[in-house]
Amino acid sequence: MKVIGVISGTSMDAVDVALADLRLDGDAVVLTPLGHAEHPFPDGLRFTSAAELCRADTRLGQAFAAAALAMGEADLVASLGQTAHHWVEDGRCLGTLQLGQPAWIAEATGLPVVADLRVRDVAAGGHGAPLASTLDALWLADLAASTGRPAVALNIGGIANVTVVAPGSPPVAYDTGPGNALLDAAVLELSHGRRAHDVDGELALRGTVLPALLDALLADPYYALPAPKSTGKELFDLAYLHRTTTGTVRGEDLVATLVELTARTIAAACRGAGTVVGSGGGMRNPALVAALTRELDGVDLVTSDSLGLPSDAKEAYLSALLGFLTWHGVPANAPSATGASGPRLLGAITPGRDPLRLPEPAGTPVTRLRIANPPGGPCARP
């Protein structure tokens, strides 16, 4: 079946959408990427009052609907939405809120929509993140088995997360800390709102890492917490930078230090790996990729594109996979990664224009994901 996956990540810089052909083949899901695109994030959205939450929920739902419509014919839409708040206290996730009202998507496309995919995992004692662990564990199982060493899937969005897939062991996944969140906050303030991120790592490459500031940043208690764990921009935001940074710091040096922070905290999670498979916006930053390559110290760093999954659209394809699994009655969380008390069907289904007709639940447990070559070659769409 053809499934459209849509998401807006923690960086809130774009709406990502992908079209996948998905089918069950024994114990494997076969995913054929059919196209992906990036759409502008709606301007001026704020989440500080009930009225603003309502407007954001509606406008994001409409934006997701427009992105889904642009992908063409499909059978199902799956939306991971936009995280407005991730409530973590004392290492436990107590709640999570994603915006992007699925009724607008169903109304515009006429298709059923699987959405609100995180909260069931949270209700079962998990963190509701990183749900990428589901895709990663299925996808990298064969690579880890063939090399005999752990394969690590890395996504660098606003928050960076990893999934460690080791031969014969349940996957371990968690948020390592800030990916682009602190970098983007710093650049936005330094540029007085004119730049949302450090294009091509320009500022970082001109700066010098400040050891004392880096040590202060690395001392944050989050990094010492055991997995599974999750975090968000509720912690790693501009106010956090103001509290941590004392005295006068040259802008380029601050950005270079934040790049080093992200690289070191990611690399610490990848020790012992044979291969690290990177995706997300941070992989477009040459300064960050160079720092990460150095910190990985000989561990192979490749992009998910090299294994057949477009890195710019990996989370949108993840959304499509999660919706497909829910539609077929297959639990879509990885309890060892999220901390949930067990496997759970995820999400809520909003009907399209026709009555819901769900297929019979899959009769065979799903243990692998294969990426098939799209017909006609590259699958990006304008």
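- Under 3.5 Å, the side chains of T96 and H85 contain no donor-acceptor pair of N or O atoms.
- The environment of R271 atom CZ is sparse: at most 12 non-hydrogen atoms of other residues, nucleotides or ligands sit within 6.0 angstrom.
- At a threshold of 4.0 Å, the pair D25-R370 counts as salt-bridged, since one of the basic side-chain nitrogens sits closer than that to a carboxylate oxygen.
- Ion pair E260/R294 flagged as a salt bridge, since at least one NZ, NE, NH1 or NH2 atom sits closer than 4.0 Å to an Asp/Glu carboxylate oxygen.
- Using a 4.0 Å cut-off between a side-chain N of Lys or Arg and a carboxylate O of Asp or Glu, R194 and E189 do not qualify as a salt bridge.
- Following chains of ILVMFWY side-chain contacts shorter than 4.5 Å, one cannot reach I159 starting from W87, and the two form parts of different hydrophobic clusters.
- Between the side chain of D21 and the backbone N or O of T32 there is no donor-acceptor pair closer than 3.5 Å.
- For S336 (side chain) and P171 (main-chain N/O), a donor-acceptor pair under 3.5 Å exists by modelled atom type.
- Side chains of Q98 and T83: a donor-acceptor N/O pair is present below 3.5 angstrom, by distance only.
- Between the side chains of T338 and D121, at least one donor N or O lies within less than 3.5 Å of an accepting N or O.
- Smallest separation of non-hydrogen atoms from D136 and V165: O-CG2, 3.8 Å.
- Put simply, the residue from L322, L309, T163, L325 that forms a side chain to side chain contact (heavy atoms under 4.5 Å, CB included) with L135 is L309.
- In this structure, F236 and Y222 have perpendicular ring planes: the angle between them is above 60°, well past the 30° mark.
- Electrostatic pairing of D142 and R368 counts as a salt bridge here, judged by a charged N lying under 4.0 Å from a carboxylate O.
- Looking at R284 and D200, no side-chain N of the basic residue comes within less than 4.0 Å of a carboxylate O on the acidic one, giving no salt bridge.
- Looking at T367 and D27, their side chains do bring a donor and an acceptor atom within 3.5 Å of each other.
- Screening L45, L60, L97 for a side chain to side chain contact (heavy atoms under 4.5 Å, CB included) with Q82, the sole residue that qualifies is L60.
- Under the 4.5 Å side-chain heavy-atom criterion for Ile, Leu, Val, Met, Phe, Trp and Tyr, V88 and Y240 are members of distinct hydrophobic clusters.
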